[in-house]
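For reference, the structure discussed in these notes is given below.
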Amino acid sequence: MRFRRSLVAAVLIVAGCSSHGAPSGVHGSATAAPPPGRSAAATDRDFDGIRLPVFASPPPAEPVTAPSGALAPMYRRLAVHQRVAFLTMDDGQVQLPTAGSLMAAAHVPFTMFLIGPVAAKNPPFFERLVGEGGVIEDHTLTHPSMRGLPYATQRYQICGARDLLRTTFHSTPRFFRPPYGNYDENTLRAVHDCGLQAAFNWTETVNNGKVYYQTPVHRIEPGDIILMHFRPAFVSDVTAALTAIHRSGLTPALLENYVN
Ligand SMILES: [Zn+2]
C-alpha cells in the first residue's frame, strides 16, 4: 500500500497536482485522462469491490477569517465561495482494521474529532489515518453533553483532550466539536480559553450508509460540513458521504485550510 501510494503521489505530481497530504488537499481530477502508462485510475478508487468517486482537484483554499473575541465562533457550515465540502468523523471507538486502506483509496482530506482517551488507547490506528489525509481535533475527554455544565468542567474537558491529543500525536488541535452538538456560551468561552480557534457542528449526517440532509434541498451545498462516526458501517458511510459530495458537484476539502 505504501509503495503503491508513493507511485500514485509521483504520478499526481507529474500530472501537475500537488501530492496527497499537501495542505491544499489537492487530488486527482475526474475528467483528466490518466497519464501514459497509468491505467490505475479506476483501481486507485476501488475499495473491496466498491467504486469510490474520483474528485476534481479543489482550488487553492480561500479561508474564512474567524472573528476574534472572548468566545470562539461556532460554525455549522462555512460561507465559502468555492465548490468544496468538508468530511468530518467523530468519536473513534469503532476502529475497523480496513479504515486506513479505505481512506487511502478514497484519497480525500478529512477531519477527525476524537475523544481524547479513546484515541490515546490506539495511536497507530489514528496515525495511519493521519497519513491518509486525516487531521485530529478535539472532542472532549469523556463525551458529555456540554450545555449547562459549569465553565470549569467544560474547560477541563476541552483543554484536557487538547493536551492528551497533543502529547499522543505531537500535533495541537485547533478545532473543537461539542458532543451531540450541544453547547452554550461557556463552551465557546472554554474553546477560546483552551487556545482553540473555532467550534463546529454540521449540516448533514451520515449513518448506515445513508446521508441525512438537514435542509429541504437534499443536496450538499458549498461549505457544508458532513458528520459521520467511527461505526461498524464506516465503509458504507464514507462511500455514501463521498458519493453525495460528488453528486452535488463538489470536492472534499480540508476544514483546517478554510478557517484563518
Ligand atoms: Zn461524539
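As the structure lists them, so they are numbered: ligands from 1, and atoms in each ligand from 1. Worth saying up front: this structure is predicted, and the values here are computed from it rather than measured.
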Residues 76-85 side chain polar contacts: donor-acceptor under 3.5 Å, at least two apart:
{"residue": "Arg77", "atom": "NE", "partner": "Asp224", "partner atom": "OD1", "Å": "3.0"}
{"residue": "Arg77", "atom": "NH2", "partner": "Pro222", "partner atom": "O", "Å": "2.2"}
{"residue": "Gln82", "atom": "OE1", "partner": "Glu62", "partner atom": "N", "Å": "3.0"}
{"residue": "Gln82", "atom": "OE1", "partner": "Tyr258", "partner atom": "OH", "Å": "2.7"}
{"residue": "Gln82", "atom": "NE2", "partner": "Pro60", "partner atom": "O", "Å": "2.9"}
{"residue": "Arg83", "atom": "NE", "partner": "Gly249", "partner atom": "O", "Å": "3.3"}
{"residue": "Arg83", "atom": "NH2", "partner": "Ser248", "partner atom": "O", "Å": "3.0"}

* Within the 6.0 Å centroid threshold, strictly below: Tyr180 and His143 ->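 Between Tyr180 and His143, the centre distance is under 6.0 Å.
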
* Taking the six-membered ring for Trp, are the ring centroids of Tyr75 and Phe86 within less than 6.0 Å of each other? ->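 No, the ring of Tyr75 stays outside the 6.0 Å limit from the ring of Phe86, centre to centre.
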
* Indicate yes or no: does Asp237 engage Arg231 in a salt bridge with an N to O separation below 4.0 Å. =>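 A salt bridge is absent here (no side-chain N lies under 4.0 Å from a carboxylate O).
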
* Around Gln214, counting heavy atoms of other residues, nucleotides and ligands shown, do more than 12 lie under 6.0 Å from its CD? ->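 Yes, the 6.0 Å shell around CD holds more than 12 heavy atoms from other groups.
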
* Asked: When you look at Phe47 and Thr239, which way does the side chain to side chain contact (heavy atoms under 4.5 Å, CB included) test go after all the steps?
  -> CA-CA 10 Å; Phe47 177 79; Thr239 306; over 6 Å; no

* Listed protein N/O/S atoms, distance to the Zn ion (ligand 1) under 2.8 Å ->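 For the Zn ion (ligand 1), the protein N, O and S atoms that sit under 2.8 Å away are Asp91 OD1, His139 NE2, His143 NE2.
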
